[in-house]
Trainee: 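Sharing a structure here in structure tokens format.
This structure is a prediction, so every number in the text was calculated from the model and none was measured. Chain identifiers are assigned alphabetically (A, B, ...) following the order of the sequence lines, protein sequences preceding nucleic acid strands; residue numbering begins at 1 within each chain.
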Amino acid sequence: MTDSAKPTLMVVDGHSLAYRAFFALPVENFTTKDNQHTNAIYGFLSMFVNLIKAEKPTHLAVAFDTSRHSFRTDVYPEYKATRSETPQEFRGQIPLLQDCLAAMSVPVLTKEGIEADDILATLATQGAQQGYDVLVVSGDRDTIQLVTDDVTLLYPSVQGVSQLKRYDPVTVQDRYGVRPEQYPDIAALVGETSDNLPGVPKVGEKTAVKWLTQFGSLDELLERAEEIKGVVGGNLREHLEDVRRNRRLNRLLTDVELPVAPADLVVAPIDAQGVRDIFARLEFRTLLPRVFEAVGAGEVADDPASAVVLPQPVELAAAEFATWVEAQEGEVALRITTQGGAPTRVGAATGTEVREIDWSEAAADSLRGWLESDSPKVLHDAKPQVKALLGAGIRLAGLAYDTSLAGWLLRPSFPDKTLVDLVERYLGEKLPQADPSQLVPETEGATPSQEAWFALRVAAALREDIPESVARVLTEIELPTLLTLADMEVAGVAVSHDVLSGFSGELATRADGLAQDAFALVGREFNLGSPKQLQEVLFDDLQLPKTRKTKTGYSTDAAVLADLQESNPHPFLGLLLQHREATKLRQIIESLDTAIRDDHRVHTTYVQTGSQTGRLSSTDPNLQNIPVRTEESRRIRSAFQVGDGYEALLTADYSQIEMRIMAHLSGDEGLIEAFNSGEDLHRFVGARVFGVEPSDVTAAMRTKVKAMSYGLVYGLSAFGLSKQLRIEQSEAKQLMVEYFARFGAVRDYLRASVLKAKEVGYTETIFGRRRPFPDLSSPNRVLRENAERAALNAPIQGSAADIMKIALFHIHDDLRSEGLASRVLLQIHDELVVEVAPGEWDAAERIVRSRMGDAAELSVPLDVQVGRGQDWNEAAH
DNA sequence: ATGTAGACGTA
DNA sequence: CGTACGTCTACATG
């Protein structure tokens, strides 16, 4: 019925609709891993994008209440007073919802002391006067009064938030029996319980409509109230003032002063990256394409790129290509495409020109000199390219910049690691990509040299944004580490298939036996590996008490099973735990075994941008989580063996590096003394905390202070400590008090460090690596406290990561520069595994000890433990 | 085929 | 209600 020539203004009551969504959607399904509830946000946005898609408004705004206080509460303090407190879980979602809307370029309107519906009423009135078709979207019945021929109300039906009922003057008349502008008269007579506005007793909608029809208007009715007979007549006469008050309060303001007019609310292009970022944080996946679809691809603000003119690649012969790159004065960007780990093409770029060639023997020969020279080169994600060159016998040097690492250092929390992402974020352009789903792509992807050209420009943009200290972390730590990691990945580590498969067979037999015993106990067979089926068995068949709740049911993890075993001993529990252990070990062994390559070695990939703190991560397979805790699991480590042509494995690990960093950063004299005394740390701390001689520290005391010390680094609470140690919360609290009485500077440092982070918005390691923490000032308590713990940990874990990286590449470089064949194979956060060539043990040990010990100048020594063996397990002692 | 939840391995 | 990771299985989606 809308006149397509007229613009459509849609105004939405964000508060009331989000509130309905909050109750409509089960919170279990809408909680992020950080425990942020998102049901109201999701429900609102879901409905919102449907609306935009269906109604295609040309102008758009969402209004929110500021607080419960408004001019209505000034007039009538009891207004809405009976409403229960809006839950914190709901209120916390509103700022995030507003962030989403901001990213979608939707104006968010609020005004102190004014309710959202008054803003709606004002805009609707103005819009209708100015020739718009107006759509009011609200869950508050009072907005019915706004309906006219030009103003339509969309009101959520009882079925749910996604169903909106459309009210025009005819529908209102049909449903309520009065014209829209009379609806407040009915509401005034009937009253509104939810707003704590009592009406006339015994008067409902029917009576109210009858009276209004009979008298023509509310004023007339109140004037001639004497004419109404019976009990209700009496009631009306007794409540005249209430009705007048109700009518005053339910009249929406149409003259609120706003900073915007309808014309200012024209639909704007969305901030595509901003929407991606916040949706990623809220863990919305399916919503993203819906938003983009609703706003229409043409409306997305990341388009202007098509206007960028790409330099056209010039294909050269190998010798000419080498001459060209060698002739360049400044940095040259480089992009080596690979297939199966071998180079296929090479592209090079300066700011204005691009050149490329196919990879070939001739190309390798011509380019070797330049590639191995110090001439500065800029790459995006250099490591796989460095590895491909190593495979071709070329060792890349002169690595001046890696845009992937730089992007990560600047924003470690964002997953935009591809060049496409960086081009979009830092250049606001689109890197042309061929559609991989099409055999004959409609759009040409960028060529290698064009990608290099983009990388060079991204590097320039990143250099603008990156603070000095972070830039130094890139050039002085990350880039040399990258080259070291490439060598480590290429080297791999020898793993014995025979050791693994023997163990795997044993475990399989054992797991089978345990499963059969368990089935016999329960009286039926089921899948022990299914948490769902397991719950039935534990809580229905065996009638064990319910445990800790999870999103989908009750937990069956090892900790709660151990608790259950204590409170309700049952032989099934023991079998289950043993079965879990056996199958877990077997699964680790299997995945390791399938990762063994033809050279009998396992080649992991270190993800240098894989953490937010500066640590590495390891994938395909992950060699940083090989079991070690139990005697049995260490058999897996004995499968990691010294390779052919080498003499021994050397392991070197930092002892208590995080506590040492804490001692250094806090300057706590007690802790510094502990490390300088040479005494066992936990014994020393235990002696101080419990006021006994170090020799009198019992095992129990040591366990307690050890847990406390480690917990400190993670922001542990008395609650967490009591749980971990299985002691009373009061005792944990007391332990913390005693601990801090002796080591107070530690607490002072931790407090000050979080406070500083809140002030500047980021944390910093000893070497200047930064991690942003926007959530430290979040009004949402869960988000804020999570951020506080992470912020407390980040400088400590991050500094340890920095120190290890520095030691790692120095060891790597020293081994090479001394012409040794020994090589570093693995890094497990605070441990290195080195494969030592015959006759090189002493040299290797010397280099490892000195480089690890001297990696940083702290106020306490960096202690390094070195072990030697034929396999990883043996070398660990 | 792809994604999520629960569980669990490491520092 | 302790930080940082990766990977497996089962199971629910498409």
Trainee: Is the charged tip of R524(A) near the ring of F526(A): under 6.0 Å from the six-membered ring centre and within 45° of its axis?
Mentor: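 Relative to the ring axis of F526(A), which defines the angle, R524(A) lies inside both limits.
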Trainee: Which part of the nucleic acid does K532(A) contact within heavy-atom distance under 4.0 Å: base, sugar-phosphate only, or nothing?
Mentor: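 The residue K532(A) makes sugar-phosphate contact but no base contact.
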Trainee: Regarding A558(A), tell me which of base, sugar-phosphate or nothing describes its non-hydrogen contacts under 4.0 Å with the strands shown.
Mentor: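 A558(A): backbone/sugar contact only, no base atoms under 4.0 Å.
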Trainee: So Q612(A), base contact, sugar-phosphate only, or nothing? Heavy-atom distance under 4.0 Å.
Mentor: sugar-phosphate
Trainee: What is the distance, to the nearest angstrom, from the CG atom on L592(A) to the P atom on dT10(B)?
Mentor: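 Interatomic distance, CG of L592(A) to P of dT10(B): 14 Å.
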Trainee: Of all nucleotides in DNA chain C with an atom under 4.0 Å from a non-hydrogen atom of chain A, which is the first and which the last going 5' to 3'?
Mentor: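 Contact span on the strand: dC1(C) to dA12(C).
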Trainee: Which is true for Q587(A) with a 4.0 Å heavy-atom rule: it touches a base, it touches only sugar-phosphate, or it touches nothing?
Mentor: sugar-phosphate
Trainee: Is there a salt bridge (Lys or Arg N to Asp or Glu O under 4.0 Å) between K758(A) and E788(A)? Walk through the geometry before answering.
Mentor: CA-CA 9 Å; K758(A) 196 164 296 192; E788(A) 282 170 356; 3.1 Å; yes
Trainee: Base, sugar-phosphate or nothing for G720(A)? Non-hydrogen atoms, less than 4.0 Å.
Mentor: sugar-phosphate
Trainee: Counting only side-chain nitrogens and oxygens, does R580(A) get under 4.0 Å of the OP1 or OP2 atom of dC8(B)?
Mentor: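 Yes, because at least one side-chain N or O of R580(A) sits under 4.0 Å from OP1 or OP2 of dC8(B).
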Trainee: Can you confirm whether more than 12 heavy atoms, excluding those of Q88(A), are under 6.0 Å from its CD atom?
Mentor: yes
Trainee: Does the side chain of P412(A) come within less than 4.5 Å of R769(A)'s, by heavy atoms?
Mentor: no
Trainee: Is R781(A) paired with E89(A) through a side-chain N to carboxylate O contact shorter than 4.0 Å?
Mentor: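 Result for this pair is no, no salt bridge flagged.
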Trainee: Under the 6.0 Å and 45° cation-pi test, does R411(A) pair with F414(A)?
Mentor: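 Yes, a cation-pi geometry holds between R411(A) and F414(A).
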Trainee: Ignoring backbone atoms, establish whether S633(A) has a side-chain N or O less than 4.0 Å from OP1 or OP2 of dG9(B).
Mentor: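 So the side chain of S633(A) is outside the cut-off, no N or O lying under 4.0 Å from OP1 or OP2 of dG9(B).
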